[in-house]
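Notes to accompany the following structure.
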There are 2 protein chains.
Amino acid sequence: MKQKNIRIKDIAAMAGVSEGTVDRVIHKRGKVSSDAADKVNKVLAEIEYTPNLLARTLGTARNYRLIAVIPHPESDPYWKQSFEGLEQGEAELAQFGITMSVERFFYDPTKKESFQQVTLKAFHSKPDGILVAPLFYYASVPFLKELSESKIPFIQFNTRIEQAKSLSFIGQDLFQSGRLAAELISLGNAGNGSYILLHVEEDLPNSIHLLEKEKGFKNYFETELAPQPNHIKSYTLPDSTHVLFEKELQSILRTPNLKGIYVTNSKAYLIATYLEKEKQQVRLIGYDLVEENINYLRKGMIQFIIHQNPKRQAKLGIRTLVNYLLFDKKPTALNLFPLEVITKTNLDSYQI
Amino acid sequence: MKQKNIRIKDIAAMAGVSEGTVDRVIHKRGKVSSDAADKVNKVLAEIEYTPNLLARTLGTARNYRLIAVIPHPESDPYWKQSFEGLEQGEAELAQFGITMSVERFFYDPTKKESFQQVTLKAFHSKPDGILVAPLFYYASVPFLKELSESKIPFIQFNTRIEQAKSLSFIGQDLFQSGRLAAELISLGNAGNGSYILLHVEEDLPNSIHLLEKEKGFKNYFETELAPQPNHIKSYTLPDSTHVLFEKELQSILRTPNLKGIYVTNSKAYLIATYLEKEKQQVRLIGYDLVEENINYLRKGMIQFIIHQNPKRQAKLGIRTLVNYLLFDKKPTALNLFPLEVITKTNLDSYQI
DNA sequence: ATGAAAGCGCTAACAC
DNA sequence: GTGTTAGCGCTTTCAT
């Protein structure tokens, strides 16, 4: 009954070959006669061999080098959280005595050139694996293609370039995210209202991911609330320091029968500030648990935050890469994170 | 710069003692002169020693035995999910070659005697650790006390007996959970409505955890919506097969100006069935991603489900126990899970 | 009380 | 090609 775990040694004995040969067959390291290979494979087919992953890493001295390419942590609290996720992932490795370095290459999320420069450097340093948040579509495509061609395994997170042959994408379904925002913003409002979608401080042509959210948002109203005469409009706002910001926002807020505002990035607090000043009551939905948003969530000026869990994304990215490189574990191509709904009341339960 | 990881061997050399002695000091396995202990401790204080957890498990032959005490998986889809979490946790261990068995002891969640019987058996089998969902308050107190006294480490999950000295509690803050339900149910409803809280098919005296939710629910209306003249009432409904079930529910649904119903357990679908039949429009909130709830969520008859993530709770329970037993890692006393809000639209993102 | 040494299961280097 | 063997860092047993 108590079937002891089968080891390579056992397999070797059963197949009548040596441990080394079994290892070579299992890992396809070549240099093995088809005769021996057959014997081993036969045994392998009969038994259930689950390698001991602990022992495997202990045995291998090899030092892997990973590179993480993300926006600079100081550029935005959101990316700070990703950065912390990397650190946690790395700490986890250290604990298990896995010698794997995680170099961080930062770029300026507002400058395409910065991204290009950094990715070039990353590529030339020939790491064993890359974890990248490819914010810039057009700059990412060639980079990721180069990685594929050089057989450098990589994982995309946060933003997805669909055609890239990444090991895995870790992040959220942005179309659904937009739909969720629409559901939450319209909840309890019985028809015929106006809803505004706002891209704040974004370089839209370069941020196709935001357009996914927009599509989802509109889709929800069309498919789920069709008979109700709702008005949906989307705007792009400039940098909040820009003179036009306030002016444009002001006119937007004068939209008749305005029921809700959906901000597609983490800048909802900018709108909240303004609403607070004007004492206007509009349902406001945004993204990410950054401090300013949290404050307005607490005050009740923001009703919902959709959380992307950047920390967990980054941590999982590291873990996935390690599993692949060290343990031969192929990840799922798409690792879609839950669309987490945060309100004033469940906020604390999300703060670790 | 590239400080190689310090091993026990290094410490031994630095302290001028043998590896065995260092090991004895680190693990306080006794049998070491104060002289030698001092030397080792001195080195330990100067350097940063992080044991290689991989090597540690490889080295230990010891076979640990865990016991999980949960309601029978077939008694409720919710507990089925917990059960699956246990399986996942166990699979994870196997992967790493950790030889640790997880026996499952099931009880009938509607019968206190069944719980008592099972816990007695668990206790007598003297396992190395226990993971328990202590649904019955009065029956749990003495059991958990016995565990403490016999120094059998245990973790509570799902339900928490506060005074028990468990290694850790894994679950949700139910008071906050009630508050969250109140927030979601009242959202967008401008004042003066009636809200009903429903305990369905529950033996209330034995389910003090449900009373926590009730307190939280009422608390939210008092503290956050005080000036608005809302009416909150709570009821307990019998088994749905009972003749009184429909009758009582019917009279409840005739509450004037009824805006929302909050079901404190996973039985919201029973109410949804009825609402659907009567074509009554009331906001409905319940717990747990069980199939019937999911169906009504999809249909739009249930607006929100608060998810407790039983699978992850159970999995983490196993992992925590292993970390404690094998790696000497003390868990946090309170591991509160996020209060996850599920709607029709983000549901799919939660289905793994 | 302490040191030496034999594993744990696997990988990799080295003979043959 | 194939078998043998020396580790990886730790625990544990066995002398001393």
Side-chain angles (χ1 to χ4, degrees), chain A residues 4-41 44 47-64 93-100 325-329, chain B residues 4-41 44 47-64 93-100 325-329:
Chain A
K4 226 212 159 289
N5 243 322
I6 299 171
R7 292 121 63 222
I8 285 202
K9 192 180 194 168
D10 303 321
I11 299 174
M14 291 161 84
V17 297
S18 75
E19 290 186 50
T21 303
V22 175
D23 183 73
R24 281 183 277 260
V25 171
I26 288 176
H27 293 291
K28 310 197 208 314
R29 300 196 218 279
K31 271 91 209 318
V32 41
S33 69
S34 59
D35 180 41
D38 286 350
K39 282 193 286 187
V40 174
N41 282 321
L44 246 26
I47 56 119
E48 190 110 346
Y49 173 60
T50 50
N52 182 331
L53 300 187
L54 257 55
R56 181 177 292 180
T57 27
L58 237 204
T60 55
R62 183 144 159 43
N63 262 343
Y64 287 93
L93 297 185
Q95 276 260 315
F96 287 97
I98 299 175
T99 55
M100 167 127 32
L325 292 172
L326 243 55
F327 304 137
D328 259 338
K329 291 219 244 178
Chain B
K4 224 207 157 294
N5 243 322
I6 299 172
R7 292 122 61 221
I8 285 200
K9 193 180 195 170
D10 303 319
I11 298 174
M14 291 161 85
V17 297
S18 75
E19 290 186 51
T21 303
V22 174
D23 183 73
R24 281 182 277 259
V25 171
I26 289 176
H27 293 293
K28 310 198 209 318
R29 301 197 217 276
K31 270 88 204 324
V32 42
S33 70
S34 58
D35 181 42
D38 286 349
K39 283 193 286 188
V40 174
N41 280 321
L44 244 28
I47 56 118
E48 190 111 344
Y49 173 60
T50 48
N52 182 329
L53 300 186
L54 258 57
R56 182 176 292 180
T57 25
L58 238 204
T60 54
R62 182 146 161 39
N63 262 343
Y64 287 93
L93 297 186
Q95 276 259 316
F96 288 98
I98 299 175
T99 54
M100 167 128 30
L325 292 172
L326 243 55
F327 303 137
D328 259 340
K329 291 218 246 178

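The sequence lines fix the lettering, A, B, ..., with proteins before strands; numbering per chain opens at 1. Everything quoted here is computed from the prediction, not taken from an experiment.
Of all heavy-atom pairs spanning Ala12(B) and Ser18(B), the tightest one is CB-C, 3.7 Å. For the residue pair Ile26(B) and Tyr49(B), the shortest heavy atom distance occurs at CD1-CE2, 3.6 Å.
Put simply, Thr21(B) has no side-chain N or O that comes within less than 4.0 Å of OP1 or OP2 on dT2(C). The phosphate of dT2(C) (OP1 or OP2) has a side-chain N or O of Ser33(B) nearer than 4.0 angstrom.
With rounding to the nearest 0.5 Å, the separation of CD1 in Ile8(B) from CZ in Arg56(B) is 8.0 Å. Summarising the geometry, atom CG belonging to Leu93(B) is positioned 10.5 Å from atom OG1 belonging to Thr57(B); distances are rounded to the nearest 0.5 Å. Once rounded to the nearest 0.5 Å, the distance linking CG of Leu54(A) with CZ of Phe96(A) reads 7.5 Å. In this structure, CD1 on Ile11(A) lies 12.5 Å from OG1 on Thr21(A), to the nearest 0.5 angstrom.
Under the rule for a side chain to side chain donor-acceptor pair (under 3.5 Å), the partners of Lys329(B) that lie at least two apart in sequence or sit in another chain are Gln95(A).
When distances are taken from the side chain of Pro51(B) to each of dG3(C), dC10(D), dC10(C), the shortest belongs to dC10(D). Distance from the side chain of Arg7(B) is smallest to dG9(D) among dT11(D), dT2(D), dG9(D). In the set dC10(D), dC10(C), dT11(D), dC10(C) carries the atom at the smallest distance from any side-chain atom of Asn52(A). The Leu58(B) side chain lies nearest to dG9(D) when the options are dG3(C), dG1(D), dG9(D). Among dC10(D), dC10(C), dT2(D), the nucleotide with an atom closest to any side-chain atom of Val32(A) is dT2(D).
If you measure from atom CD1 of Ile11(A) to atom C1' of dT11(C), you get 14 Å, rounded to the nearest angstrom. Protein atom CZ of Arg56(A) is 11 Å distant from nucleotide atom C1' of dG9(C), rounded to whole Å. At whole-Å resolution of the value, CD1 in Ile26(B) and P in dT2(C) are 15 Å apart. Whole-Å rounding puts the Glu19(A) CD to dG7(D) P distance at 16 Å. Distance Ile8(B) CD1 to dT2(C) C1': 15 Å, rounded to the nearest Å. Atom NZ of Lys28(B) and atom C1' of dT12(D) are 19 Å apart (whole Å). Distance CZ (Arg24(B)) to P (dA4(C)): 11 Å, rounded to an integer number of Å. Per the geometry, NZ belonging to Lys31(B) stands 14 Å off P belonging to dT13(D), to the nearest Å.
The stretch residues 24-41 of chain B participates, sequence neighbours left out, in these side-chain hydrogen bond (donor to acceptor under 3.5 Å, both in side chains) pairs: Asp23(B)-Arg29(B).
Within 4.0 Å (heavy atoms only), Asp23(B) reaches at least one base atom of the nucleic acid. Among the atoms of the strands shown, only primed sugar atoms or phosphate atoms (P, OP1, OP2) are found under 4.0 Å from some heavy atom of Tyr49(A). Residue-level contact check: Ala36(A) touches the backbone only, with heavy atoms under 4.0 Å from sugar-phosphate atoms and none from bases.
For the helix from dA1(C)-dT16(D) to dC16(C)-dG1(D), the terminal axes (five pairs an end, C1' atoms, rotation from four pairs onto the next four) enclose an angle of 50°, given to 10 degrees.
Comparing Gly16(B) and Ala55(B), the nucleotide of DNA chain C nearest to each residue sits closer to the 5' end for Gly16(B).
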